[in-house]
Amino acid sequence: MRQTIRALGWIIAILWIITLLLPVTVAFSLMKLLEAKNIGTQEPTISFSNGNFTLSMPFYINNTGFYDLSDIGINIQMGKEKKTISAASTHLLNVPVGKKADSSLNFSFSLEELVLKDSELLTNDTELDMNASLHLRVAYAIAFEASMGFTTHWGVPFHNLTIYDIAYNSTTHVFSFFINFDNHASYPVNGTLTAKLYNSTNALIDSATQNVNVPSGESFQTSFAITIDDPSNMTHNGIIRLYFVDAQISEKEWTFP
Amino acid sequence: MSENETKTVFRRLGLRIAKATLVTAVTGVLWLVLWLLISSLLADFPEYLALFAVLVWALLFFTFAIKVSEGTIYKYILIIMRGFFLIVYTAYATNCGVRTVKIEDFTLTVEFIPLLALMITINLLAIARGLLQAIEFTSQSPKD
């Protein structure tokens, strides 16, 4: 029995040493990782074409620590007033000691999705709530999850979108109006702008399409002159609906005496 | 019991208490050094310092009580009690191995369930060891 007691004593001592050393070495390992910027992101690329918004943010992990890193995940959530607009996540299985892993975080959503969630996200600059989190497990034993909330400025592609100088020539049956907006987004607005005319019974009178290419930070102004094929559909009042690609971005009522 | 025997018993008890106090004081100094190291790191988290303080005071109590009860069956009962206390208290203080620290908009969650499981295993082994020591103690004749 004495030998069993002695053996148990040794086992307990060894296990306590392991238990106390593990967190200390894990902490040193993490410090080594963070000090030399072995975890980081690269320049994100943002593109906006055919009504699809794509953001790609490459990141890397160079494991210079003492232990393997596993269960690595990055999540980013973008929202406004506690309403999630978009979320992206990526998962890496394992980064052994001395190895480097590259991956990227991709956001992708269509303009239609964005309009459905909040139509003002296309026409009014706002501050978006972002939540980024990083999860990783060190030595297959201790897991860390760091998350941070911050706000980011959201520059909209159709800031101050206005439809003005609406006129109808009953002789030539030409319906005309001007539109104007500023591209406050960090990417160019490239796609088709469609104007659809509806009469007082909400029936489509006619439509016209223009291709637009507005660089970031620039203003845009254009006019539409739509020749009405069937003037009998024309009423004294109605609605102009403006679409970019397939998403409705604005509408304005018109009335003629 | 004669007066001399009573004096001897009191002297032995006094010596035992003095020895236990000395051992507890040395242990206390070691914990104090650790406390000083930790308190600067955890200055912004007083709740963790409070949990640590409870652990230190409890362990000092057990150190003193175990030393005083040396040579009796109570020593092993206290060792087993210490094992149970450490299992329950570490599980409680570590929130079952998941702790979250929040600093303004930054949140850090640490999950160390495997480490907690290891600590519980160690304490279970300590309880088993205490039980074996108690059995061995009771099986010994007064002559031994």
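Letters A, B, ... mirror the listed sequences (proteins, then strands); counts begin at 1.
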Non-hydrogen atoms of chain B under 4.5 Å away: do they reach the side chain of A:Ile11, the backbone, both or neither? side chain
Distance, nearest 0.5 Å, that separates CD1 of A:Ile5 from CG of B:Leu131: 10.5 Å
With sequence neighbours excluded, residues passing ring pair (Phe, Tyr, Trp, His ring centres under 6.0 Å) with B:Phe64: none
If I take atom CD1 from residue A:Ile142 and atom CD1 from residue B:Ile113, how far apart are they, to the nearest 0.5 angstrom? 11.5 Å
When rounded to the nearest 0.5 angstrom, what is the spacing between CZ in B:Phe106 and CZ in A:Phe150? 12.5 Å
Test of understanding: with ring pair (Phe, Tyr, Trp, His ring centres under 6.0 Å), list the residues that count as partners of A:His91, not counting sequence neighbours. none
Taking atom CG of A:Leu15 and atom CD1 of B:Ile122, what is their separation to the nearest 0.5 Å? 4.5 Å
Is it the case that atom CZ in A:Phe28 sees more than 12 heavy atoms from other parts of the structure closer than 6.0 Å? no
Considering all heavy atoms of both residues, which atom of A:Pro23 and which atom of B:Leu115 are nearest to each other, and what is their separation? CG-CD2, 3.8 Å
First locate atom CG of A:Leu134, then atom CG of B:Leu108, and finally report the distance between them rounded to the nearest 0.5 Å. 10.0 Å
Residues passing the side chain to side chain donor-acceptor pair (under 3.5 Å) test with A:Ser56, sequence neighbours excluded, are A:Asn106
Scan the chain A/chain B interface and emit each donor-acceptor pair under 3.5 angstrom with its distance.
from, atom 1, to, atom 2, distance (Å)
A:Arg2, NE, B:Glu136, OE2, 2.7
A:Ile5, O, B:Arg129, NE, 3.2
A:Arg137, NH2, B:Glu111, OE1, 2.6
A:Ala143, N, B:Glu111, O, 2.8
A:Ala143, O, B:Glu111, N, 2.8
A:Glu145, N, B:Thr109, O, 2.8
A:Glu145, O, B:Thr109, N, 2.7
A:Ser147, N, B:Thr107, O, 2.8
A:Ser147, O, B:Thr107, N, 2.8
A:Gly149, N, B:Asp105, O, 3.1

